[in-house]
Amino acid sequence: MTEGARYKRVIVFLAAVLLAACQQRMADQPRYEPLQKSEFFGDNRSARPAVEGAVARGALQNDELFYTGKIGGKEADTFPYPVTETMFRRGQERFNIYCSPCHDRTGRGEGLVVRRGYRPPPSLHIDRLRQAPAGHFFEVMTHGVGAMPDYAEQVPPEDRWAIAAYIRALQFSQQARLSDVPENERRRLAETKR
Amino acid sequence: MAQIFHRSTNTISRVSIFGGVAVLLTLFAAVAAINNASYLTEVRVARAQPVQFSHKHHVSDDGLDCRYCHTSVEKSSFAGIPSTKICMNCHTQIWADSPILEPVRASFRTGRSLEWTRVHNLPGFVYFDHSIHVNKGVGCSTCHGRVDQMPLMWRENTLYMEWCLECHRAPERFVRPREQVFNMEWQPPENQLALGQKLVREYKIQKLTSCSICHH
């Protein structure tokens with residue numbers, strides 16, 4: 001074997017060894033899964049909190065009524081868009097998920113978490129809250145009040161409006177009379193009662 | 001001509017042939033058993049967590065819906081793990097001085113995240129998405145089991161490719177009405193196949209088995 005051929009062999013061998021070191025475990029790829037721990041940042045979060053004052057695309061809160069429930073700084077008694085049946089149903093579902101643990105499904109304030117020792121909330125059927133504008137419910141969900149935590153993180157604004165609409169329906173349901181029910185539905189009501 | 005091998009070697013050759021096959025079969029069986037042993041698959045092995053968080057208490061006893069904490073499960077691939085703020089919604093008042101909850105309070109004070117140990121973790125080359133499953137009528141309990149009875153979280157299924165495909169090949173055996181997806185107590189009815197086929201038509205569920213669905 002010539003001297004040159006031997007060198008070539010050594011080089012190919014070394015290259016092969018080095019390449020082997022480049023093998024990457026496909027199962028554990030060099031990217032972050034959601035909420036994965038990071039060693040790079042001081043707080044170990046790979047999901048970076050937004051820089052203060054930054055506005056994400058499509059998240060500019062330029063509609064006062066929709067994002068704050070207020071008009072000119074005062075709680076508004078109107079909804080940012082017409083209330084529909086789908087909105088009520090969505091509101092019912094969301095109320096039962098996020099609010100019923102404390103307010104219970106009827107809004108009387110005797111939810112399971114209250115029975116375990118949380119400060120009891122007022123019934124949603126007291127006069128003050130029946131007269132409160134819809135924007136008040138939106139405001140309470142957005143910023144909390146007293147012992148009630150805020151729900152801004154868990155419930156996006158559209159759903160907060162849907163819940164506000166549903167609370168109105170709940171309040172109404174506790175005061176409704178038979179004459180409020182459309183005539184063709186009354187028979188069904190009588191049937192379900194039995 | 002004299003025989004090269006003595007008669008007795010016949011037995012030896014037979015034993016070694018059948019014995020060899022038997023040994024191979026046992027080996028296969030052993031490998032399969034090990035592959036499905038909970039030691040490897042981690043099925044039903046509870047993981048230690050920084051806080052003894054019990055789904056049993058929060059879901060069964062306190063009646064919380066999965067979405068109260070796993071807020072993005074309906075609209076994103078990632079189900080979401082609740083922030084410390086969500087725990088503190090209740091634990092500012094409930095068990096507010098309990099030493100069990102000190103890590104939660106410390107996290108709230110300092111702003112450092114709690115580091116939960118992951119229980120389910122697919123390899124990086126597999127793509128999975130919660131929202132499509134939830135919206136097409138696959139219930140949490142079909143994949144995660146009776147979470148409402150777990151004092152500590154464990155894995156109910158292997159998450160092997162074989163397991164995903166078992167359903168992707170025949171979704172009608174598993175799907176349920178959408179409004180039952182979060183119901184932990186839902187059991188497939190007697191006529192699951194008929195119901196499943198109806199739902200598959202109604203929700204336009206496809207049989208997705210092409211490799212690129214999960215590996216891309």
Side-chain angles (χ1 to χ4, degrees), chain A residues 24-39 41-49 89-90 92-105 110-121 141 143-156 158-159, chain B residues 50 57-98 107-108 110-118 120-130 178-179 181-182 215:
Chain A
Q24 181 198 308
R25 296 228 329 118
M26 291 286 284
D28 194 7
Q29 299 172 5
R31 60 172 157 80
Y32 287 120
E33 310 259 316
L35 301 189
Q36 190 177 334
K37 183 174 177 173
S38 159
E39 299 297 343
F41 297 103
D43 61 3
N44 291 352
R45 287 184 196 161
S46 61
R48 305 305 305 152
R89 296 213 178 276
R90 176 81 183 173
Q92 178 178 39
E93 184 188 83
R94 298 292 123 171
F95 182 91
N96 289 344
I97 298 171
Y98 297 106
C99 315
S100 73
C102 297
H103 291 273
D104 82 53
R105 291 189 171 214
E110 293 157 12
L112 279 172
V113 173
V114 172
R115 283 187 228 163
R116 300 269 190 286
Y118 204 88
R119 161 110 67 89
M141 284 183 255
H143 292 116
V145 56
M148 166 158 162
D150 75 82
Y151 277 81
E153 179 190 336
Q154 286 151 283
V155 187
E158 307 87 280
D159 285 348
Chain B
H57 279 153
H58 289 87
V59 177
S60 267
D61 301 348
D62 302 335
L64 292 182
D65 188 286
C66 310
R67 290 165 285 184
Y68 188 96
C69 292
H70 302 297
T71 48
S72 57
V73 73
E74 292 166 296
K75 42 187 194 282
S76 142
S77 59
F78 184 59
I81 294 291
S83 66
T84 305
K85 149 79 173 65
I86 296 185
C87 309
M88 291 306 273
N89 277 354
C90 297
H91 288 296
T92 45
Q93 295 194 21
I94 287 174
W95 290 42
D97 306 313
S98 154
S107 159
F108 197 63
T110 60
R112 286 191 80 86
S113 307
L114 282 165
E115 291 179 21
W116 301 107
T117 311
R118 285 210 64 146
H120 303 75
N121 207 352
L122 289 173
F125 53 78
V126 182
Y127 171 73
F128 178 80
D129 188 323
H130 272 96
R178 272 194 198 116
E179 58 279 9
V181 163
F182 299 91
H215 305 295

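In what follows, chains carry the letters A, B, and so on, assigned in the order in which the sequence lines appear, proteins first and then strands, with residues in each chain numbered from 1. Worth knowing before you read on, the calculation uses all heavy atoms, side chains too, and leaves out hydrogens, waters and symmetry mates. In this text the structure is predicted, and so the values were computed from the model without any measurement.
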> Would the number of heavy atoms belonging to other residues, nucleotides or ligands and lying under 6.0 Å from CZ of A:R89 be above 12?
Replying inline: no
Side chains of residues 120-127 of chain B: which donor-acceptor partners sit under 3.5 Å, not counting sequence neighbours?
residue : atom : partner : partner atom : Å
B:H120  : NE2  : B:H144  : ND1          : 3.1
B:Y127  : OH   : B:D129  : OD2          : 3.0

> Can you name the closest pair of heavy atoms from A:G117 and B:I94 and give their distance?
Replying inline: C-CG1, 4.4 Å
>> On a heavy-atom basis, which atom in B:N89 and which in A:Y118 lie closest, and how many Å separate them?
In response: O-OH, 3.1 Å
>> For chain A, which candidate among B:T71, B:D62, B:I81 shows the most heavy-atom pairs at distances under 4.5 Å?
In response: B:D62
> Under 3.5 Å, is there a donor-acceptor pair between the side chain of A:Q154 and the main chain of B:Y68?
Replying inline: yes
> So how far is it from B:R118 CZ to A:K37 NZ, rounded to the nearest 0.5 Å?
Replying inline: 15.0 Å
> Between B:K85 and A:E153, is there a donor-acceptor pair closer than 3.5 Å when you use the side chain of the first and the backbone of the second?
Replying inline: no
> Which heavy atom in B:D61 sits nearest to a heavy atom in A:L112, and how many Å separate them?
Replying inline: O-CD1, 3.8 Å
>> Can you tell me which portion of A:R116 sits under 4.5 Å from chain B's heavy atoms? Options are side chain, backbone, both or neither.
In response: both
>> Heavy-atom cut-off 4.5 Å, strictly under: side chain, backbone, both or neither for A:D150 against chain B?
In response: both
> Hey, does A:I97 have a side-chain heavy atom less than 4.5 Å from the side chain of B:F182?
Replying inline: no
>> Looking at A:H143, I want to see if its NE2 is surrounded by more than 12 non-hydrogen atoms of other residues, nucleotides or ligands under 6.0 Å.
In response: no
>> Can you tell me which portion of B:L64 sits under 4.5 Å from chain A's heavy atoms? Options are side chain, backbone, both or neither.
In response: side chain
> Which pair of non-hydrogen atoms, one from B:S113 and one from A:R45, has the smallest distance, and what is that distance?
Replying inline: OG-NE, 2.9 Å
>> Please classify the contact of B:E115 with chain A as side chain, backbone, both or neither, using a heavy-atom distance under 4.5 Å.
In response: side chain
> Is B:R67 reaching over with its side chain to a backbone N or O of A:Y98, donor-acceptor style, under 3.5 angstrom?
Replying inline: no
> Checking A:E33 against chain B: side chain, backbone, both or neither under 4.5 Å from a heavy atom?
Replying inline: side chain
> What closest approach, in Å, do A:R119 and B:Q93 show between heavy atoms, and which atom pair accounts for it?
Replying inline: N-OE1, 2.8 Å
> At a heavy-atom separation under 4.5 Å, does B:T92 approach chain A through its side chain, its backbone, both, or neither?
Replying inline: side chain
>> Assess the residue pair A:E93 and B:R178 against the criterion (salt bridge (charged side-chain N to carboxylate O under 4.0 Å, His left out)); give the C-alpha distance rounded to whole Å, side-chain angles, the decisive distance to 0.1 Å, and a yes or no.
In response: CA-CA 13 Å; A:E93 184 188 83; B:R178 272 194 198 116; over 6 Å; no
